[in-house]
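Bear in mind the structure is a predicted one, so any value in this text is a computation, not a measurement. Each chain gets a letter, A, B and so on, in the order the sequences are listed, and its residues count up from 1.
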Amino acid sequence: MNPLKSIFKKTDPYFQSQGRFSRFKGIYLATRTFFFLPSPVTTTAPHVRDHIDLKRFMSFVILALLPVTLFGMFNVGYQYHGGNATWIDMFSTGAGQVLPIILVSYGVGFFWEILFATVRGHDVTEGLLVTGLLFPLTLPPTIPLWQVALGISFGVVMGKEVFGGTGRNLLNPALTARAFVFFSYPVSMSGNNVWQLSHPGVDALSGATALSLGGTGEIIQETILNAGFSLDRLFFGFHPGSIGETSALLCFVGAVFLMVTRVASFRIILGGIAGVILTSLVFMVLPGPKDTWFSAGPLYHLFSGGFALGISFMATDPVSAPGTNSGRWIYGFFIGFFTVLLRSVNPAYVEGVMLSILFMNIFSPLIDHVTLKITAARRIPNV
Amino acid sequence: MSEMKLTLKETFFRGIWKENPVAYQVLGICSALAVTVQMKTAIVMGIALTVVTGMSNLIISMLRKKIPSTIRIIVELTVIASLVIVIDQVLQAFLYDISKQLSVFVGLIITNCIVLGRAEAFALANDPLPSLLDGLGNGLGYGLILVAVAFVRELLGAGKIVGFSVIPQSWMDAGYSHMGLMVLAPGAFFIIGLLVWLKNSLPGASREEKTAQ
């Protein structure tokens, strides 16, 4: 027998319900699961009708997020050097800025997770692996680390643990954390401007994001183009923005991977894209202002801001999304609808993705309830 | 229930901690959100509500054998409304600035569930002295939560305690900034929720007794 395995076999009895250290069972199980695949199946939601368990489920999401994360690091460096450096230089500069944010997010997040697991006696779950990575991706690269720590604490405790832990949360914890930082420290997070990493001695560069443009009297598409945000630049992601949101391409690649492996519901993602396209087309036709995002059209709405990241990885969180198939279409569609609505007609929040996903999270139990009622009413009575 | 005959001391302290109107009965939340941005307003509001609850309990308890039960709510509201008008006038006369900040919320004490709740639940069935103590205890319990919430919100949201800055300039230079969420109403929701959680997990909390019964 492998020596590591025999260590676990020896220590195992201490952590069982009668053992001396049964209080720390959660930490013990998490350590053991880290090395060996556990044989028992999950006892907490999300339950998926498949043979994959929560660990595999979450590692697929991490896999899908890896390209986005790596490109995010690269892009931070790319913006810092203005593109005039070697690939290695740009990547290492970006990684030096982004890795501490991710480490703080994981470290503080796991502290709360382990604390609650120990006190409440539930297992340390893998959900935090995703939350702890998603949250940094929604932040600007210049965010102070203490705000990252406060944000992830709020997301894990108020967004998840007060409801009873993984599988019982009403809201997506990563977005709850972002919403907390967004409303608490608007100076570091404002949606109008974007904070780039800048050279020491120079004031932090802050430029307008594509989403805050408009209102100049010109046609909106021309305003966006003149500011340097061509469609392909927005699509590939070589523009300043939050760490993970810039590349719509890589977000959608991750989404396709998750849809093919059936980890994420394709109904939510396609519903969301349909929502954005339909709503922005309707707005284009309506007699609204031609110089704001009201009439920017579907492509700009799809590729700019955090929509690609949000619909691929946040809206598809299996816990906070509806469980019925027709409900998922409705849920996705309204996320797209509210995103375009907020961007177009609410000047206070130029980026509506976070708020529309959180808003629809609140409604997902109701959507489930109504769709189940309708399905039950349509069923032929069992006579 | 065996605790039908409470001692006067118990009657008074029950409202302050064990059956605290905000943290245990979850009453009076609306004004707890509105006036807790600063400690100054929270303290004044707590005192105002304590006076109103105590006096209305006393008066209603003295009148309780004369009030016809069919119109008791109207009579109770008349008593409470008169007291609130008196309080409002006193505040406007002596604490004009704070009265301006509290604006409509002093007048809204009339509709505060705690006042009418104590009148209905306690004063109508008990003697004047216990009723007075019960009203004062509940008012102080409300004030206690208000001040606790306002302390956290003012400290984190504006870096002040009762109007005095306590965050040293060196912190601000090092990158500290105030938590904007605490100035918004949702901040009060989170703080009240956390306080209820804290209170229920402390030993001697009433929830455990309730489940044990």
Study note, to complete from the structure: Under a 4.5 Å heavy-atom criterion, the part of residues 84-101 of chain B in contact with chain A comprises none
Check your understanding: Considering heavy atoms only, which positions within residues 181-197 of chain B lie below 4.5 Å of chain A?
Key -> B:L181, B:L184, B:F190, B:L194, B:W197
**Study point:** Test side chain to side chain contact (heavy atoms under 4.5 Å, CB included) applied to B:S177 and A:Q147, step by step
**Key:** CA-CA 9 Å; B:S177 58; A:Q147 292 180 4; 3.6 Å; yes
Exercise for review: Inspect the surroundings of CZ in A:F154 and state if more than 12 heavy atoms from other residues, nucleotides or ligands are less than 6.0 Å away.
Suggested key: yes
Practice item. Quick one: list whatever passes side chain to side chain contact (heavy atoms under 4.5 Å, CB included) with B:L133, sequence neighbours left out. Key: B:L8, B:F12
Check your understanding: With a 4.5 Å heavy-atom cut-off, do A:F180 and B:M179 have their side chains touching?
Key -> yes
Study note, to complete from the structure: Within residues 99-112 of chain A, contacts to chain B at heavy-atom distances under 4.5 Å involve none
Practice item. Could you look at A:V162 and say if it's the side chain, the backbone, both or neither that has a heavy atom under 4.5 Å from chain B? Key: side chain
